Every structure is written in structure tokens, then in C-alpha cells.
Protein chains: 2
Amino acid sequence: MTGTKARILDTALALFNRHGERNVTTNHIAEALGISPGNLYYHYRNKAAIVSALFDRYQERLLEWLPAPSGPLTWQDKMRYFEGILESMWQGRFLHRDLAHFLLQDPELRRRYKTFVAASLERGLSIYQGLRDSGLIAASDEELRGLLMNTWLLAASWPGFTHGLNPDAAGDENLDRALLRQGVYQIICLEAPYLRNEALDHLDAMKSEYRASAATVDLLFTDVSVAPGGE
Amino acid sequence: MTGTKARILDTALALFNRHGERNVTTNHIAEALGISPGNLYYHYRNKAAIVSALFDRYQERLLEWLPAPSGPLTWQDKMRYFEGILESMWQGRFLHRDLAHFLLQDPELRRRYKTFVAASLERGLSIYQGLRDSGLIAASDEELRGLLMNTWLLAASWPGFTHGLNPDAAGDENLDRALLRQGVYQIICLEAPYLRNEALDHLDAMKSEYRASAATVDLLFTDVSVAPGGE
DNA sequence: TGACCTCTAGAGTATTTACTCTAAAAATCC
DNA sequence: GGATTTTTAGAGTAAATACTCTAGAGGTCA
């Protein structure tokens, strides 16, 4: 039931994330799928169209993770938001990695991205205001805006940062997860000073739950000479 | 006195920052300089060597901005640090934009980058500890590390973020500066909760000094249809 | 069975681009 | 001023890659 069109997106996303969009040719995608280049171009008129479609999918999925609050929010809700954001950004990490290039080349995409960022930040603000109403955080609207902008930048750049430092780790599911969780930890650090009540009570527990081991963090900065043949 | 070798770097940096490394060919660089491709390749054996040299220069300049504290620090010192960091990252914004690709392609560069990031974070920690000794901030070492990581990510991604949303602004010196200062504002937001004493007294003043006007920020997210012929 | 439409194959191409090579100009040295 | 070395020009090339084009397979409906 999964049509060729969707399979192209899946494969392209996986290849882009692993090798970088720049290093993945349309022929590579077709080959990985076991289809012909002609077939690929039958479904997408060019490479940019694939990127554009992936961007749409990414955008939808991220906003799904950020439903406007309906009713009082708990600190568990907050953690779910964080996980969702980072999960989405992880899945679309190639996008943020090469975003600057796409935005420069494609004014239409740029337009969409602007409204997307603006919408996400608005959505985030309403969520944080909900958390404030629930007494879980204390901050002025201005502080929330600053916090949100920083959260966005952090979440958007974290996957690219870790993957850039440690591309060899790609495919190691455990390590991937650990690094992703460390990203949540960084976001926790960001908002920690504003937490109150139950959120504050659980701060330490959350920190230690999401923080990666020192060994894992070290792995980011120390030089791991890849064993030969370990591709 | 400025040799060809240095002029190549200057021109390449300017072109890379404006158009993205991916869109700038070695022939473009040579043409912009008014030299032949052969000449360019006489000085740098390939494009990656140019990027690598630019990276070295960037690295040196950033660390120059982050001298280890000798004696007690003031809040003015702190602001100078921030400005220096963002200034450096602005000048090398193409690097962070396309960093993932460079790191993936060049294991040697990756190694250097890892030690560079680690060194910068260490340096940053000693600076923050200096600020703590001066009573300007209050935070545990662990909090400082989290803060530093976030500061790094923020500073590294802010130039690319603004430029990506608004590439047409490139060349508008005033707008560039305003957006860069807004980056400092974001960093201020990051550390605001930890400030004490004089640093706290000047917080509001610093915020309003660095924050860009609402109109400028709006410009980031609203769609500016570029007037035709406005390249 | 035949007409029609969707989907696929795969060889092929036009273009871009990083880089080479040879020779000559310019600078330096004795 | 001649010899030698450094620097430059610029035409040219090999490889990569996004994309095209034609032909045909497979399904559907009459």
C-alpha cells in the first residue's frame, strides 16, 4: 500500500540524514530503492521537489507534537513537548543542517519556513503561558519569548551538532538515543531557572534522567580513531 | 604587502558568507580576485584547503576574543566576551552553516574541530568561574556547563539562522548589525537568571541596548517581497 | 481483445565544476 | 645581465550529476 512516491521520500530522508543531502544524488536514491532514475523523476520533477515534500512532512509532524494546550498542563506534558520537538528535529536533521542552502535557493521554501517558524514560536508561547497558568513556571511574556527563541535554536542545531562531531555514530541506535536525550537535557538547563512547584520538585530527577553519561559526552569531543573497515 | 594567498582567503570568505560555500566555485573566487584559476590552485591545492585555512583563521580569532581572565572580572568584561564571540561567529558564519558537510568529508578537520570546541568550552568555563568569583553570577559548575553548551550552540547557529531567514539583507550593514546585536540579546536571556549584583543592576539596560526593534525582528518572519532588480 | 492510462526501465546528455598543465612573466639572486 | 626560482595566465579536461526521452510493461474497463 505504501506507494512509490512515499517510499522515495522515506529512502531519501534516510540517505540525506546519514550522508547529507549534498552527497546523495538522485541516482543514489533510485538505486537504494531499486528503481530507475526515470521512475524517480516520474514522481518528483527534480531533487528540490523531494526536499520540499520532506519539508512539508517534517513541518506537519512537528506541529502535531505541539498541540495547543486544552486545559491545565502538568510537568509531564512539558517533557512530552520537549521529546516531541527533539524527535521531530532529529528525524529531519538533514533539513536543518542544509537549511541555509535550501532557503537561499528557493524563495518559496523560504516563505514557508518563515511562517512555519513564526507559527511554532506562537504555539510555543501559548504552551508556556499554559504552564505558567498551571503555576509550573514563572516568567514574563518577554522572558518567555527569549526562552522560546533559544529553545528553537537549540533544538534545531543540536542534532546537527552531535552528528557533525560524531558522524560515525550514525546507525548506533543506543548512542543516537543517548545524544538525543542529552539534547533534552540542554533544553531543561535552558528553562530550569524559571521552574516552580512540581516542576521544580522534579527538576533534579529529570536532569539525571536525560543527561547522558560523562563517557558519552566525552565521546563527542575526544577523537575516536575509527577502526579500519568499520564503515 | 597583502599577498595573494591572504587575498584569496579574504575573497573566498566574503563570497562564502554571502552565497554559501556550495554556490561558490573556485573559478568564482579567482574571477572575483581578478586572477586565473591556475594561480589560485598554485596557492591552495584544492577548495578544501581554502576552507581549512579559513577555519584556522576563524579559530584563532575566536580564541583571541576569549582570553583567560587575569584578575577580577566586571560585567563590562562579560559583554565584551559576548560581542567578541558573536562577532567571530558572524565573520565565519558560512563555516557553521556548512560545517556538517565539512566535518563529514574531512576527518582531519573534524578532529581539529572537536578539540577546538572542547577548548572553547573550557575557556568559557574558566571565564564564568571568574565571573562567579567576582560575585556577578551565581551557579553551580554543572549549571555553568549546561549554560556554556547552550551559549555555544546559540552563538554558532544565530548568524546562520538570521541569514537563512533573510538572505536579501546581506550587505545592509545596519540591518546586519542589528541582527547581530539581537544575537547578543538572546545570549543575555540565556544567562539572565544567574546574574547577581552589578550584573543584575545592569540587566535591563543591557537588554534594551541589544534588543532589536520589534520592526527588525518582524522582518525576520514576515515575507518581504524583494523589489525586482534589487539584487 | 483492444484501447487507454499509469507506472517503470535504462540508456543517454548537457552542464557544471574542481582541478591540471604548459608556458611565460615577474621577481630574486649572483 | 644572466640564471634561477616564484608567481601568474588561461586554455583545457575528466568526472560527476541532475535530468530527459523513448519505449514498453502492467493494470483496468469496455
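Residue numbers begin at 1 in each chain, while the letters A, B, ... track the order of the sequences. Just the heavy atoms: all of them, side chains too, but no hydrogens, waters or symmetry mates, feed the values below. Predicted, not measured: the structure shown is a model, and the values here were computed from it.
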Residue-phosphate contact under 4.0 Å: A:H43 side-chain N/O, C:dT8 OP1/OP2: yes
Rounded distance (Å) that lies between atom P of D:dT17 and atom CZ of A:R22: 11 Å
Rounded distance in Å - NZ (B:K5) to P (D:dT6): 13 Å
Value in whole Å for how far the P atom of D:dA18 lies from CG of B:N23: 14 Å
Phosphate-side-chain proximity, A:N27 and D:dT17, N/O vs OP1/OP2 below 4.0 Å: no
Whole-Å gap separating P (C:dA18) and CG (B:L15): 12 Å
Contact under 4.0 Å: B:S36 side-chain N or O vs D:dG10 OP1/OP2: no
N-O pairing of B:D56 and B:R112 below 4.0 Å: yes
Electrostatic pair A:D10-A:R57, nearest N-O below 4.0 angstrom: yes
Closest to the A:P37 side chain, choosing from C:dC19, D:dT17, D:dT20: D:dT20
Short side-chain N/O contact to C:dT8 OP1/OP2 from A:T4, under 4.0 Å: yes
A:I8 CD1 - C:dC7 C1' separation (whole Å): 11 Å
Nearest-nucleotide 5' precedence on DNA chain C, A:R7 against B:H28: A:R7
Separation of atom OH in A:Y41 from atom P in D:dC19, rounded to whole Å: 4 Å
Test item: A:F102 and A:F55 side chains (from C-beta on) under 4.5 Å apart, heavy atoms: no
Side chain to side chain contact (heavy atoms under 4.5 Å, CB included) assessment of B:N166 paired with B:T162: CA-CA 6 Å; B:N166 225 16; B:T162 57; over 6 Å; no
Phosphate OP1/OP2 of C:dA9 contacted by A:N39 side-chain N/O (<4.0 Å): yes
B:N17 vs B:W90, side chain to side chain contact (heavy atoms under 4.5 Å, CB included): CA-CA, chis, key distance, verdict: CA-CA 9 Å; B:N17 276 337; B:W90 173 254; over 6 Å; no
Between C1' of C:dT20 and CZ of B:R45, the distance in whole Å: 15 Å
Touch class at under 4.0 angstrom, heavy-atom based, for B:N46 against every strand present: sugar-phosphate
Earlier contact from the 5' end, DNA chain D, for A:E21 and A:G38: A:E21
side-chain N/O B:Y42 vs D:dT8 OP1/OP2, d < 4.0 Å: no
